[in-house]
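Heads up, the thing below is written out as structure tokens.
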Amino acid sequence: MQTFTAVAHRGDPYRFRENTLDSLRSALRRGADAVEFDVRLTRDGVPVLLHDGTLKRLWGHDRPLASLSAAEVRDLTDGGVPTLAEALAATDGSRVLIDLPGAPGARSVRRVLDVVGECGARERAYYCAGAAAMLAVRSADPAAEIALTWTSLAPPRPVLLEAVRPRWLNYRFGLVTRELAAHVHRGGRLLSAWTPDTPRTMRRLLAAGADSLTTNRVDALHALRERL
């Protein structure tokens, strides 16, 4: 049987609000090998789980996260937006893929990695985002495991790969082919794909040679693995 990593995208968002503790825990119960979540910083430098730059889509408040303290976020969402430390505690023992949206600066990235270290989660955490954020991760932690998100069929330049040293190349699922997977593997890296949500697409990606799938339907991916 082909082995692959089943990654839950923002937890289990079809059952619980994305990037919440309930969503993370549900994904792990439903067979996820790892949980992916998004981390941004509040005004006072606390890493919390939120994909968007504001609270509007998920929580109904058109307030930029960067303008709010962690206490204000907690009050506005009734505690629904967890801190990174809370998310790491809730996923204790499981792998976590930390996405860093919004082009964070080097200081913000270092703060995220500091919290991961303070929580004793360095060995089970890995990171994904575009080149700038992953360069900042590599600068902050020479040993960090990185999944470089790439959105073009044009391959990353060798000088970038040398600087970032990613273990994974992380592609939008529509770009993945057998040829791409073979090229990634020839370079000594693993291929991850996001976010296939139907069994048909999942099967295609696995047949092409993907090593990891990040999905909103980790239950469907887990069921497919059981059938395989």
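When reading the values below, keep in mind they use all heavy atoms of this one structure, side chains included, and skip hydrogens, waters and symmetry mates. Note that this is a predicted model, so its numbers are computed, not measured.
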What residues form a salt bridge (charged side-chain N to carboxylate O under 4.0 Å, His left out) with Arg122, not counting sequence neighbours? Asp141
Can you sort out the partners of Arg17 under side-chain contact (heavy atoms from CB on, under 4.5 Å), two or more places apart, ordered by chain and number? Thr20, Leu58, Trp59
Would you say Val35 ends up clustered with Leu213 if hydrophobic residues are merged whenever their side chains have heavy atoms under 4.5 Å apart, either directly or through other cluster members? yes
Of all heavy-atom pairs linking Pro155 and His183, the shortest is CB-NE2, 4.1 Å
Over all heavy atoms of both residues, which pair between Asn170 and Ser192 is shortest? Give the atoms and the distance, please. OD1-OG, 2.8 Å
Output all residues satisfying salt bridge (charged side-chain N to carboxylate O under 4.0 Å, His left out) with Arg74, sequence neighbours left out; order by chain, then residue number. none
Report yes or no: do Val115 and Val81 belong to one cluster of Ile/Leu/Val/Met/Phe/Trp/Tyr joined by side chain heavy-atom distances under 4.5 Å? no
Sub-4.5 Å side-chain heavy-atom contact between Val39 and Tyr127: no
Cluster overlap Leu100 with Tyr126, hydrophobic side-chain contacts below 4.5 Å: no
Applying side chain to side chain donor-acceptor pair (under 3.5 Å) to Ser69 and not counting sequence neighbours gives Glu72
For Arg172, I'd like to know if atom CZ has over 12 heavy atoms of other residues, nucleotides or ligands within 6.0 Å. no
Atom CZ of Arg63 with >12 non-hydrogen neighbours under 6.0 angstrom: no
Minimum-distance pair of heavy atoms, taken over all atoms of Ala208 and Thr177: CB-C, 3.9 Å
Any donor-acceptor pair under 3.5 Å from Arg167 side chain to Ala147 backbone: no
Hey, are the side chains of Val137 and Ile146 touching, using non-hydrogen atoms and a 4.5 Å cut-off? yes
Can you measure from CD (Glu36) to OG (Ser212) and round to the nearest 0.5 angstrom? 10.5 Å
Can you find a heavy atom in the side chain of Phe4 that is under 4.5 Å from one in the side chain of Leu221? yes
Has Ser108 got a side-chain atom pairing as donor or acceptor with Pro104's backbone, closer than 3.5 angstrom? no
Could you check Thr5 against Leu190 for side-chain contact (heavy atoms from CB on, under 4.5 Å), going step by step and ending with a plain yes or no? CA-CA 11 Å; Thr5 303; Leu190 299 173; over 6 Å; no
Residue pairs passing the salt bridge (Lys or Arg N to Asp or Glu O under 4.0 Å) test with at least one member in residues 87-96, sequence neighbours excluded, are Arg95-Glu145
Donor-acceptor contact below 3.5 Å, side chain Asp211 vs main chain Leu191: yes
Do any pairs count as a salt bridge (Lys or Arg N to Asp or Glu O under 4.0 Å) and have a residue in residues 173-188, sequence neighbours left out, and if so which ones? none
Which atom pair, heavy atoms only, marks the closest approach of Pro156 to Tyr171? CD-OH, 4.1 Å
Under 4.5 Å between any side-chain heavy atoms of Ser26 and Phe16, yes or no? yes
Residues that Thr198 engages under side chain to side chain donor-acceptor pair (under 3.5 Å), provided they are two or more places apart: Thr201
If you group Ile, Leu, Val, Met, Phe, Trp and Tyr by side-chain heavy-atom gaps below 4.5 Å, do Phe37 and Trp168 land in one group? no
Side-chain (His185) to main-chain (Ala181) donor-acceptor, under 3.5 angstrom: yes
With a 3.5 Å distance limit and no angle check, can you tell me whether Thr77 reaches the backbone of Val73 through a side-chain donor-acceptor pair? yes
Do Val96 and Val7 share a hydrophobic cluster (ILVMFWY, side-chain heavy atoms under 4.5 Å, transitive)? no
Would you find a donor on one side and an acceptor on the other, under 3.5 Å apart, between the side chain of Arg124 and the backbone of Thr91? yes
side-chain contact (heavy atoms from CB on, under 4.5 Å) for Leu65 and Thr54? Distances and angles first, verdict last. CA-CA 5 Å; Leu65 180 69; Thr54 77; over 6 Å; no
Of the non-hydrogen atoms in Pro196 and Phe173, which two are nearest, and what is the gap between them? N-CD2, 3.8 Å
Tell me the salt bridge (Lys or Arg N to Asp or Glu O under 4.0 Å) pairs involving residues 5-14, sequence neighbours left out? Arg10-Glu18, Arg10-Asp38, Asp12-Arg15, Asp12-Arg30
N/O donor-acceptor pair under 3.5 Å between His61 side chain and Leu76 backbone: yes
Taking every heavy atom of Leu224 against every heavy atom of Pro199, the minimum-distance pair comes out as CD2-O, 4.2 Å
Considering residues at least two apart in sequence or located in another chain, which fulfil the side chain to side chain donor-acceptor pair (under 3.5 Å) criterion with Thr42? Asp44
Under the side chain to side chain donor-acceptor pair (under 3.5 Å) test, residues paired with Thr215 that sit two or more places apart: Asp197
For the pair Asp33 and Arg225, find out whether any cationic side-chain nitrogen is under 4.0 Å from an anionic carboxylate oxygen. yes
Rounded to the nearest 0.5 Å, what's the gap from CH2 on Trp150 to CG on Leu180? Could you check? 12.0 Å
Enter the distance from Thr83:OG1 to Leu49:CG here, rounded to the nearest 0.5 Å. 8.0 Å
If we only count heavy atoms from C-beta on, is the Pro166 to Met134 side-chain gap below 4.5 Å? no
One pair to check against side-chain contact (heavy atoms from CB on, under 4.5 Å): Leu161 and Leu169. What are the steps and the verdict? CA-CA 10 Å; Leu161 294 175; Leu169 290 182; 4.1 Å; yes
Just by modelled atom types, is the Pro142 backbone N or O under 3.5 Å from a matching donor or acceptor in the Arg165 side chain? yes
Please list, chain by chain and in numerical order, all residues satisfying salt bridge (charged side-chain N to carboxylate O under 4.0 Å, His left out) with Arg217, sequence neighbours excluded. Asp219
Show the numbers, then the answer: is there a side-chain contact (heavy atoms from CB on, under 4.5 Å) between Leu228 and Leu206? CA-CA 11 Å; Leu228 292 175; Leu206 294 173; 4.1 Å; yes
May I have all residue pairs that pass salt bridge (Lys or Arg N to Asp or Glu O under 4.0 Å) and include part of residues 104-120, sequence neighbours excluded? Arg111-Glu118
